[in-house]
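Take a look at the structure below.
Just so it is clear, the model here is predicted, and its values are computed rather than measured. Counting from 1, the numbers follow the sequence of the chain as shown.
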Amino acid sequence: MSSPLPNPVNTPAWWQLLNWIADPIQFQQKYSQQYGDMFTLRLGSLGRPIVVGNPQAIQDIFSQDAKFDIGRANAIAEPLIGRNSLMLMDGDRHRRERKLLMPPFHGERLQTYAQQICLITEQVASQWHVGQTFVARTAMQRVSLEIILQIVFGLSEGERYEQLKPLLTQWLDMTDSPLRSSFLFLKFLQKDWGTWSPWGQMRQRQRQVHALLQAEIAERRTQGETGRKDVLSLMMAVRDEQGQAMTDEGIRDELLTILFAGHETTATTLAWAFYQIHRNPQVREKLLHELDSMGDRSSPMELAQLPYLNAVCQEALRMYPVLPVIFPRVAKSPVQIAGQEFAPETTFIPSIYLVHYREELYPNAQQFQPERFLERQYSPSEYLPFGGGSRRCLGYALAQLEMKLVLATVLSQYQLTLAENEPVKLQRRGFTLAPKGGVRMVMTGKR
């Protein structure tokens with residue numbers, strides 16, 4: 001006998017959806033205090049998901065990932081990333097594609113990217129002037145976009161690079177507020193009435209990006225094997241067990257998935273990290289002491305192994321999960337979660353936020369305390385900034401490397417301070433959560 005949906009939130013569906021779009025953190029806080037670890041929302045066209053904030057229940061979900069469809073639950077992202085994205089796949093197709101895409105993001109490949117990440121960071125930071133205010137998130141977006149263009153797309157110069165760079169920034173900035181983000185959640189707003197309509201502008205920029213990426217892929221096809229090490233070249237070279245290569249459409253959509261999953265998210269987390277490091281002098285001093293102890297001759301991969309630097313990045317990811325929840329899971333057959341049986345088609349949304357702020361796991365959860373990651377190990381259902389189960393973010397190792405090396409490069413060379421003392425608040429930006437105002441900082445000198 002299937003259990004009824006637990007703790008249904010009884011406000012109108014349209015009201016829940018608007019609150020979910022406007023402030024998903026406060027929304028979850030309110031109902032977890034009222035109902036506990038599991039409660040059911042009504043989000044109109046987005047269905048009736050059960051929000052899960054209990055690590056043991058999340059572990060039950062992760063351990064049964066094969067019983068869920070996850071790709072079809074992400075259809076909301078299709079207008080941005082295309083239908084051939086790994087995020088929208090399930091079953092055998094998902095396993096095949098994930099296996100093909102894994103190599104560029106792991107192992108020794110990361111070492112080839114490390115020096116590039118440091119150089120790109122130095123190029124962006126060298127444009128800062130003493131006494132001049134800059135927005136940390138904007139600066140980190142420049143770093144992150146350049147890393148994706150060079151390391152993923154394999155572009156660092158030329159006409160296509162010059163066209164893509166501003167185009168991608170404009171496209172991503174179209175969802176830079178809760179109001180503008182609502183286009184992604186409300187289907188009736190997704191009307192293409194030409195370039196004067198917001199959705200029309202979005203689609204036009206998407207078509208321009210598609211055309212440029214397709215031209216790059218076509219050019220690489222004619223060049224053949226060049227020995228290039230960027231992710232695009234590696235994607236084009238991989239073959240499955242049957243000797244089949246990825247299609248041009250598949251490659252293009254995966255490049256856009258990496259752009260949306262890896263650009264905004266890393267830039268946002270870095271902005272939060274700079275914010276907390278400079279709000280907490282003892283954290284900054286401890287981090288600088290660790291970085292200075294390495295001397296000038298340390299390699300990027302040696303820096304990436306530093307324990308306190310790693311703990312600072314982990315704590316930033318804990319306090320500020322870029323996504324408030326991870327991918328919805330839709331049960332394909334009856335499933336047992338937290339001792340209850342649920343019917344097929346039940347949707348579960350594990351909440352990163354609710355888990356990361358559980359006081360029994362993270363005492364003083366509202367405080368930035370990197371030391372907690374030096375003192376204990378957390379299980380995959382207790383700490384899940386990159387999701388979990390079979391859908392853990394493919395690029396998590398590259399994202400962590402980027403975070404560590406950007407922080408190490410900037411903090412080793414520049415003295416920064418926050419431009420304002422007021423606490424920075426969260427704001428929705430597309431599917432993600434970002435610091436409102438972007439964290440304004442001032443460069444006070446070089447080290």
Side-chain angles (χ1 to χ4, degrees), residues 110 114 117-118 121-122 124-125 128 130 134 136-137 139-140 143-144 265-322 356-359 361-378 382-383 385-386 396-397 399-424 435 438-447:
L110 292 181
I117 292 170
C118 295
T121 306
E122 285 168 9
V124 171
W128 300 337
V130 174
F134 67 94
R137 193 180 180 284
M140 293 305 103
V143 171
S144 181
T265 50
T266 312
T268 292
T269 310
L270 278 164
W272 283 124
F274 279 113
Y275 171 63
Q276 286 292 357
I277 288 165
H278 292 87
R279 276 192 96 197
N280 294 278
Q282 74 285 3
V283 171
R284 183 173 173 274
E285 283 166 29
K286 198 168 176 179
L287 188 51
L288 285 176
H289 179 74
E290 185 182 66
L291 291 170
D292 291 345
S293 71
M294 297 297 287
D296 296 333
R297 303 175 68 83
S298 52
S299 72
M301 294 310 284
E302 285 173 325
L303 288 172
Q305 303 303 317
L306 291 173
Y308 195 66
L309 175 61
N310 183 55
V312 166
C313 293
Q314 287 183 295
E315 180 69 341
L317 286 161
R318 178 198 69 82
M319 276 192 82
Y320 302 104
V322 182
H356 284 189
Y357 278 81
R358 289 179 78 92
E359 282 290 326
L361 281 178
Y362 302 101
N364 304 312
Q366 299 289 341
Q367 302 298 314
F368 189 79
Q369 296 177 355
E371 288 74 16
R372 66 176 97 241
F373 286 95
L374 300 174
E375 292 158 4
R376 84 170 264 189
Q377 286 278 98
Y378 293 93
E382 294 171 336
Y383 180 69
F386 296 101
Y396 76 91
Q400 288 178 306
L401 180 68
E402 182 180 335
M403 277 187 71
K404 292 178 204 176
L405 294 182
V406 171
L407 285 176
T409 303
V410 171
L411 294 170
S412 298
Q413 298 180 34
Y414 297 92
Q415 291 180 325
L416 306 175
T417 187
L418 293 171
E420 295 151 352
N421 290 322
E422 291 81 25
V424 175
V439 184
R440 288 160 54 78
M441 302 195 78
V442 180
M443 197 258 278
T444 56
K446 294 189 177 181
R447 294 189 76 233

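K286 contributes atom NZ, which lies 9.0 Å from atom CD of E290 (distance to the nearest 0.5 angstrom). One distance of note links CG of L411 with CZ of R447; it measures 8.0 Å at 0.5 Å rounding. Atom CE of M403 is separated from atom CG of N310 by 9.5 Å, given to the nearest 0.5 angstrom. The CD atom of Q400 lies 8.0 Å from the SG atom of C313; values are rounded to the nearest 0.5 Å. Note that the CG atom of N280 and the CZ atom of R284 stand 12.0 Å from one another [nearest 0.5 Å]. To the nearest 0.5 Å, atom CD1 of residue I277 and atom CG of residue L407 are 5.0 Å apart.
Aromatic ring pairs are classed by plane angle as parallel below 30°, tilted from 30° to 60° and perpendicular above 60°; the pair Y383 and H356 is parallel.
Q314 places no side-chain N or O within 3.5 Å of a backbone atom of F373 that could act as its donor or acceptor partner. For the pair S412 (side chain) and A408 (backbone), a donor-acceptor distance under 3.5 Å is present. A donor-acceptor contact shorter than 3.5 Å links the side chain of Y275 to the backbone of V424. Side chain of T268 to backbone of T265: no donor-acceptor contact under 3.5 angstrom is found. Under a 3.5 Å cut-off, the side chain of T121 and the backbone N or O of V406 do not form any donor-acceptor pair. In this structure a side-chain-to-backbone donor-acceptor pair under 3.5 Å is missing from R372 to L361. Side-chain N or O atoms of E315 include one that pairs as donor or acceptor with a backbone N or O of Q369 at under 3.5 Å.
In terms of heavy-atom proximity, A304 sits nearest to L401 at CB-CD1, 3.7 Å. Heavy-atom minimum distance, P370 versus A311: O-CB, 3.4 Å. Between A139 and V124 the shortest heavy-atom distance is O-CG1, 3.8 Å. The two atoms that bring L110 and A397 nearest to each other are CD1-CB, 3.7 Å, heavy atoms only. Nearest heavy atoms, F368 versus A316: CE1-N, 3.7 Å. The shortest heavy-atom contact between P300 and L405 is O-CD2, 3.2 Å.
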Exercise. Run the numbers on F274 and M441 for side-chain contact (heavy atoms from CB on, under 4.5 Å), then give the verdict.
Key: CA-CA 9 Å; F274 279 113; M441 302 195 78; 3.8 Å; yes
Self-check item: Y308 and L374: CA distance, side-chain angles, deciding distance, side-chain contact (heavy atoms from CB on, under 4.5 Å) verdict
Solution: CA-CA 8 Å; Y308 195 66; L374 300 174; 3.8 Å; yes
Exercise. Starting from the C-alpha separation in whole Å, work towards a yes-or-no answer on side-chain contact (heavy atoms from CB on, under 4.5 Å) for M294 and L306.
Key: CA-CA 9 Å; M294 297 297 287; L306 291 173; 3.4 Å; yes
Practice problem: Please report the C-alpha distance between E122 and Q413 in whole Å, then the side-chain angles of each, then the deciding distance to 0.1 Å, and finally whether the side-chain contact (heavy atoms from CB on, under 4.5 Å) criterion is met. | Solution: CA-CA 9 Å; E122 285 168 9; Q413 298 180 34; 3.5 Å; yes
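W128 is listed as a side-chain neighbour of V410, based on a closest heavy-atom distance under 4.5 Å. Side-chain atoms of R137 and V439, non-hydrogen and from C-beta on, never get closer than 4.5 Å to each other.
With sequence neighbours excluded, the residues forming a side chain to side chain contact (heavy atoms under 4.5 Å, CB included) with A365 are R318, Y357, E359, Y362, listed by chain and number. Annotation: side chain to side chain contact (heavy atoms under 4.5 Å, CB included) contacts of E420 (sequence neighbours excluded): E422, R440.
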